[in-house]
Q: 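This is the structure, below, for whatever I ask next.
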Protein chains: 2
Amino acid sequence: MSERPRRNRSETEDRLKSALKSVLAEGGFGALTPSRVAAAAGVDKMLIYRYFGDLEGLTRAVAKGPDFFPSMEDVCDGDVAAILALPVPDRAAAIAVNFAHCLLERPLVLELMVWELVERNQLTAIMETEREETGLRIARELFGDLADNTGHRVNAITAILGAAVTYLALRQRKIRWFNGIDLKSDAGWAEIEVTIRAMTAHLAA
Amino acid sequence: MSERPRRNRSETEDRLKSALKSVLAEGGFGALTPSRVAAAAGVDKMLIYRYFGDLEGLTRAVAKGPDFFPSMEDVCDGDVAAILALPVPDRAAAIAVNFAHCLLERPLVLELMVWELVERNQLTAIMETEREETGLRIARELFGDLADNTGHRVNAITAILGAAVTYLALRQRKIRWFNGIDLKSDAGWAEIEVTIRAMTAHLAA
DNA sequence: TCCTTTTGTCTCCGTCCAGAGACAAATCAT
DNA sequence: ATGATTTGTCTCTGGACGGAGACAAAAGGA
């Protein structure tokens with residue numbers, strides 16, 4: 001009974017975009033084929049080529065959407081000043097844990113981050129530079145006040161914590177336990193938080 | 001002119017195994033198909049099914065080979081006692097860095113570890129339990145002397161360091177830089193080592 | 001020698017895929 | 001109303017794939 005217009009390019013594009021998301025969410029990037037996305041959208045696959053060039057163009061259009069990747073504000077849980085007011089260990093731990101939560105609630109981002117580990121293409125190249133910039137910005141703006149002797153290690157510290165959190169977030173999608181830690185439980189992540197705080201405790205400015 | 005016997009099951013099995021390795025090394029697990037492996041072995045693909053059940057059976061046969069995954073001895077660089085003699089921060093840093101080197105020199109293991117992040121099957125399930133056991137064993141045997149108040153965090157500490165090193169090792173296959181660190185250079189890994197040591201410095205027993 | 005088992009090849013089938021091109025229907029401009 | 005453009009569907013080609021099954025050749029036992 002609905003009176004939707006039957007020819008509407010922008011609506012079709014949206015259908016394709018959200019179809020891509022659901023295909024990606026259900027079957028992973030291994031299931032990401034033009035045929036499947038088009039079928040999920042209830043639309044002919046040729047429209048992918050006509051409107052987005054190819055599947056990668058469609059994927060890029062989805063990933064370029066705002067609020068897709070976690071921003072610095074997300075990592076600060078919305079309040080940059082509050083994070084900056086924390087002492088360095090708490091700050092590092094808070095950022096790491098916020099980052100973890102950002103990832104855990106963005107399954108599509110996790111899917112793309114796994115993809116990034118598997119192959120390199122135009123899409124993952126885009127992600128790569130975007131994330132590199134955000135990471136360095138976090139190190140600069142959120143830890144720029146560190147004393148020089150520790151400051152020159154800020155990149156390495158954020159790299160290690162970021163890498164750890166990223167791997168644990170990627171891993172929990174398929175495997176619950178890592179080294180005795182339950183990655184599917186709040187308790188597991190709380191333990192990680194406490195430990196990060198302990199490991200950064202001596203880095204006080 | 002060579003006088004090799006033309007019918008030799010065990011040789012054929014070996015050819016298939018090493019063909020699987022080279023296919024995996026060249027094209028990643030996404031390129032791992034019976035057709036390709038058989039072609040690389042110069043053998044008909046039906047022999048995979050006849051001799052190993054299916055491709056997964058062949059993969060399992062390869063992965064079960066000795067010295068495939070890094071053992072605790074590898075992680076200790078051959079001398080467990082020497083590692084145990086180190087103070088805790090140096091010990092943790094040494095193990096983490098040895099573990100990194102073990103991974104970096106085992107591209108096939110890295111490939112399987114990425115696979116593990118992508119999907120779960122019988123093969124990755126085997127890897128999962130094997131690695132979980134090794135990880136816990138390292139925590140127990142190499143850090144069992146820690147005081148209780150830090151000791152109860154040993155799992156979390158080794159999880160964080162192991163996760164960080166793993167992600168960095170996985171990532172450097174496709175992307176050189178992470179957070180300003182050059183993962184393709186010895187200098188980059190040296191910086192990681194120094195930073196791990198700094199981050200564990202206060203955990204002295 | 002003959003017969004059985006093992007080892008390996010070859011053909012075939014059904015399925016899925018990317019993508020080109022022709023075509024039809026709706027919308028828009030005039 | 002009419003012609004052009006946009007939007008969408010359909011068919012087709014060429015190829016890769018997994019895997020079943022028939023077949024051939026060699027090895028080995030009698």
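On a predicted model such as this, the values are computed, not experimentally measured, just so you know. Computation of the quantities below employed the complete heavy-atom set of this structure, encompassing side-chain atoms and omitting hydrogens, waters and symmetry-equivalent molecules.
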Q: Would you say dG8(C) has OP1 or OP2 under 4.0 Å from some side-chain N or O of Thr12(B)?
A: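 Checking Thr12(B) against dG8(C): at least one side-chain N or O falls below 4.0 Å of OP1 or OP2.
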Q: Calculate the interatomic distance between Arg9(A) atom CZ and dC28(C) atom C1'; express it in whole Å.
A: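 Interatomic distance, CZ of Arg9(A) to C1' of dC28(C): 16 Å.
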Q: For DNA chain C, what string of dots and brackets results from 5' to 3' when Watson-Crick and G-U pairs need both distances under 3.5 Å, crossing pairs get [ ], and pairs with another strand get |?
A: .|||||||||||||||||||||||||||||
Q: Write down the distance between CG (Leu58(A)) and P (dA18(C)), rounded to a whole number of angstrom.
A: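 To the nearest whole Å, that distance equals 13 Å.
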Q: Taking only residues two or more places apart in sequence or in another chain, which ones pass ring-ring contact (aromatic ring centres under 6.0 Å, His included) with Trp177(A)?
A: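 Checked Trp177(A) against ring-ring contact (aromatic ring centres under 6.0 Å, His included); zero matches.
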Q: How many Å lie between CZ on Phe52(B) and P on dG18(D), as a whole number?
A: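 Spelled out: CZ on Phe52(B) to P on dG18(D) is 16 Å.
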Q: For Trp189(B), enumerate each residue passing the ring-ring contact (aromatic ring centres under 6.0 Å, His included) test, keeping only those at least two apart in sequence or located in another chain.
A: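 Not a single residue meets the ring-ring contact (aromatic ring centres under 6.0 Å, His included) criterion with Trp189(B).
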Q: Are OP1 or OP2 of dA18(C) and a side-chain N or O of Ser35(A) less than 4.0 angstrom apart?
A: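 Indeed, a polar side-chain atom of Ser35(A) lies that close.
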Q: Could you tell me which residues satisfy side-chain contact (heavy atoms from CB on, under 4.5 Å) with Val37(B), sequence neighbours excluded, listed by chain and number?
A: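 Partners of Val37(B) under the side-chain contact (heavy atoms from CB on, under 4.5 Å) test: Leu16(B), Ala19(B), Leu20(B), Val23(B), Leu32(B), Ile48(B), Leu55(B), Leu58(B).
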Q: Please check if atom CG in Asp186(A) has more than 12 non-hydrogen atoms from other residues, nucleotides or ligands closer than 6.0 Å.
A: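 No, the 6.0 Å shell around CG holds no more than 12 heavy atoms from other groups.
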Q: Is Arg36(A) near enough to dC17(C) that one of its side-chain N or O atoms lies under 4.0 angstrom from OP1 or OP2?
A: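 For dC17(C), OP1 or OP2 has a side-chain N or O of Arg36(A) closer than 4.0 Å.
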Q: Round to the nearest Å and state the distance from Glu11(A) atom CD to dT7(D) atom C1'.
A: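 The distance from CD of Glu11(A) to C1' of dT7(D) comes to 12 Å, rounded to the nearest Å.
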Q: Quickly work out the Arg15(B) CZ to dT7(C) P distance and round it to whole Å.
A: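 From Arg15(B) CZ to dT7(C) P: 16 Å.
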Q: Measure the distance from CG on Asn8(A) to P on dT27(C) and round it to the nearest whole Å.
A: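 To the nearest whole Å, that distance equals 10 Å.
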Q: Provide the full list of side chain to side chain donor-acceptor pair (under 3.5 Å) pairs with a residue in residues 97-114 of chain A, sequence neighbours left out, each pair given once.
A: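 Listed once each, the pairs are Asp74(A)-Arg106(A), Glu111(A)-Arg173(A).
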Q: List the residues meeting side-chain contact (heavy atoms from CB on, under 4.5 Å) with Ala61(A), not counting sequence neighbours, and say none if there are none.
A: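 Lys17(A), Phe52(A).
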Q: Atom CG of Leu16(B) to atom C1' of dG8(C): distance rounded to whole Å?
A: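 Taking CG of Leu16(B) and C1' of dG8(C), I get 11 Å after rounding.
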Q: Not counting sequence neighbours, which residues clear salt bridge (Lys or Arg N to Asp or Glu O under 4.0 Å) with Asp14(A)? List them please.
A: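 By the salt bridge (Lys or Arg N to Asp or Glu O under 4.0 Å) rule, Asp14(A) matches no residue at all.
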Q: Can you check each nucleotide of nucleotides 19-25 of chain C against protein heavy atoms at under 4.0 Å and return B for base, S for sugar-phosphate only, - for none, in 5' to 3' order?
A: BBB---B
Q: Tell me if a side-chain donor or acceptor on Gln122(B) pairs with a main-chain N or O of Glu56(B) at a distance below 3.5 Å.
A: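 Here the side-chain-to-backbone pair does not exist.
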Q: Ignoring backbone atoms, test whether Tyr51(B) places a side-chain nitrogen or oxygen under 4.0 Å from the OP1 or OP2 oxygen of dG8(C).
A: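 Affirmative; the distance criterion is met.
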Q: Tell me, please, which residues at least two apart from Asp90(B) pass salt bridge (Lys or Arg N to Asp or Glu O under 4.0 Å).
A: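 Once residues adjacent in sequence are excluded, the partners of Asp90(B) under the salt bridge (Lys or Arg N to Asp or Glu O under 4.0 Å) criterion are Arg197(B).
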